[in-house]
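Just the heavy atoms: all of them, side chains too, but no hydrogens, waters or symmetry mates, feed the values below.
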Amino acid sequence: MKRKGIAVLAVILLVAVFLPGCSKSDGSLTKVQLNEVAHSIFYAPQYAAIELGYFKDEGIDLALVNGLGADKTMTAVLSGDADIGFMGPEATVYVYNEGKEDYVVNFAQLTQRAGNFLVTKDKNETFTWDNLRGKTVVGGRAGGMPEMVFEYILKKNGLDPKSDLSIVQNIDFGLTAQAFAAGTGDYTIEFEPAATALEKEGTGKVAASLGVESGKVPYTAYSAKKSYIEKHPEVIQKFTNAVQKGLDYVNSHKPEEIAKTIQPQFKETDLDTLTAIVKRYYDQQTWKENTVFQEDSFNLLQDILEDGGVISTRAPYDKVVTTVYSEKVK
């Protein structure tokens, strides 16, 4: 009887030891909360990665939350409500310059051009940047990447953002198109699908692409608190692997195929409209080929921030950016 009891106990101990390993091999996923600055077709590689199961393939159970603005997304990351933030990397510069010990680090870049458009109320307008003199533009939040890039373009075209035109900056990120349609401003700066929706409603017309006009800038990147990255390097690596697969997909498929893949993320947008928007981003080479956030791109970002008067001190590249995970992508 003793031997039988010992044998049973041994079996129980073996099960206790090996069961956790079995649950992982059976496909248990690590939950990751991702807070995105906006839910936009601009971020097609991310949604392709979700819909094609790339995050799950990497062992990640991804929960996606729309932060409705970089300031709110950053707040979620700093408070711990989000594990990873997806936003303009200028927000990480601000946080570092505030002197926070547990600052936020960019570990993967997704887009290399601005994703918004200048929309005019005058559907018959032959657009030049000089047309903005004396006009009112519904712009973005002061210090945000959309607004900084817009002002950067204005200066490139000989316009003073403060004296040559009026920029409305007190309207919430998600409400600018509605305000414009209701009569505010002569122009508005909009992401998709809002820009195309204004065209289809007959409220306005896309006059210029900020992504084309500004050239290549590090517009959006994934970031997390330094402490989170240090505690969960394997999660950051797997997350970066999945994002890279999404980039590989959009850079090797036609807009029509991409649109069909990401349509479940944009059920309110018909396939023809979705395809047209994807093509608009595709044609202007919006998405990077890899997730490496290069130093020259970071320097350009800080040039824009300095030029806009929102920073007087530069954040060090080797503190606010890491390329370790992008370089180890599988």
Side-chain angles (χ1 to χ4, degrees), residues 29-30 32-37 42-50 52-62 64 70 73-74 77 82-93 95-96 102-115 145 215-253 281 285-305 314-330:
L29 304 177
T30 301
V32 175
Q33 180 104 343
L34 172 63
N35 191 298
E36 60 178 357
V37 63
F42 181 36
Y43 310 130
Q46 173 178 283
Y47 307 126
I50 292 171
L52 293 169
Y54 295 153
F55 286 102
K56 287 185 178 178
D57 290 346
E58 291 290 335
I60 292 175
D61 178 11
L62 191 69
L64 186 64
T73 295
M74 179 56 80
V77 173
D83 301 311
I84 295 172
F86 179 54
M87 65 194 119
E90 78 285 349
T92 64
V93 174
V95 167
Y96 183 86
D102 194 7
Y103 51 86
V104 178
V105 179
N106 300 286
F107 63 85
Q109 184 184 336
L110 189 81
T111 59
Q112 62 183 1
R113 290 187 185 274
M145 197 62 179
K216 291 184 178 180
V217 294
Y219 205 80
T220 40
Y222 296 97
S223 56
K225 283 198 295 187
K226 183 165 65 79
S227 60
Y228 183 87
I229 294 174
E230 290 170 352
K231 289 177 184 175
H232 307 285
E234 74 291 344
V235 173
I236 297 298
Q237 186 63 68
K238 291 175 180 180
F239 186 96
T240 305
N241 293 346
V243 172
Q244 182 61 61
K245 290 175 185 177
L247 284 171
D248 291 342
Y249 176 82
V250 299
N251 285 311
S252 62
H253 289 75
Y281 284 132
Q285 297 180 318
T286 294
W287 308 302
K288 288 190 92 252
E289 291 184 357
N290 59 60
T291 64
V292 178
F293 195 154
Q294 296 174 327
E295 188 168 4
D296 58 351
S297 293
F298 186 67
N299 291 337
L300 173 58
L301 167 68
Q302 296 203 93
D303 287 344
I304 293 171
L305 299 180
R314 289 187 171 230
Y317 172 76
D318 61 351
K319 296 287 187 182
V320 183
V321 176
T322 179
T323 60
V324 168
Y325 304 97
S326 295
E327 291 166 357
K328 290 182 180 177
V329 161
K330 297 175 182 178

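Between the CG atom in N35 and the OG1 atom in T73 there is a gap of 4.0 Å [rounded to 0.5 Å]. Atom-to-atom distance recorded for T111:OG1 and M145:CE is 8.5 Å, nearest 0.5 angstrom.
Partners of F86 under the ring-ring contact (aromatic ring centres under 6.0 Å, His included) rule, at least two apart in sequence or in another chain, are Y43, Y222. For K56, the side-chain contact (heavy atoms from CB on, under 4.5 Å) test picks out L29, with sequence neighbours left out.
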Q: Would you please test L64 and I50 for side chain to side chain contact (heavy atoms under 4.5 Å, CB included) and show each step?
A: CA-CA 10 Å; L64 186 64; I50 292 171; 4.0 Å; yes
Q | Test log, rule side chain to side chain contact (heavy atoms under 4.5 Å, CB included), inputs T323 and Q294 | A | CA-CA 8 Å; T323 60; Q294 296 174 327; over 6 Å; no
Q: Walk me through it: do N290 and V329 pass the test side chain to side chain contact (heavy atoms under 4.5 Å, CB included)?
A: CA-CA 9 Å; N290 59 60; V329 161; over 6 Å; no
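Here the side chains of V217 and I304 are in contact, with some heavy-atom distance below 4.5 Å. Taking the side chain as every heavy atom from C-beta outward, N106 and Y317 never approach each other to under 4.5 Å. Considering only heavy atoms from C-beta on, R314 comes within 4.5 Å of N299 through its side chain. Between V93 and L305 there is a side-chain heavy-atom pair separated by less than 4.5 Å. Taking 4.5 Å as the limit, every side-chain heavy atom of V105 sits out of range of all side-chain heavy atoms of V321. Considering only heavy atoms from C-beta on, P45 comes within 4.5 Å of L110 through its side chain. Side-chain contact check for S326 versus F293: every heavy-atom pair is 4.5 Å or farther apart. For the pair T220 and M87, the minimum side-chain heavy-atom distance is 4.5 Å or more.
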Name every donor-acceptor pair, under 3.5 Å, that has one atom in a side chain of residues 235-251 and the other anywhere in the protein, sequence neighbours excluded.
from	atom 1	to	atom 2	distance (Å)
Q237	NE2	N241	OD1	3.1
Q237	NE2	Y325	O	3.0
T240	OG1	I236	O	2.8
N241	OD1	K330	N	3.4
N241	ND2	E58	OE1	3.3
N241	ND2	Q237	O	3.4
Q244	OE1	T291	N	3.4
Q244	NE2	D248	OD1	2.9
Q244	NE2	E289	O	2.9
K245	NZ	E58	OE2	3.0
Y249	OH	E257	O	3.4
Y249	OH	T261	OG1	2.6
N251	ND2	L247	O	3.0
N251	ND2	K288	O	3.0

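A donor-acceptor pair is defined here as one N or O able to donate and one able to accept, closer than 3.5 Å; no such pair exists between the side chain of W287 and the backbone of Y281. Here the side chain of Q112 pairs no donor or acceptor atom with the backbone of K216 at under 3.5 angstrom.
Residues E36 and Y47 have side chains that bring a donor and an acceptor to within less than 3.5 angstrom of each other.
Of all heavy-atom pairs between L34 and G85, the closest is CD1-C, 4.3 Å.
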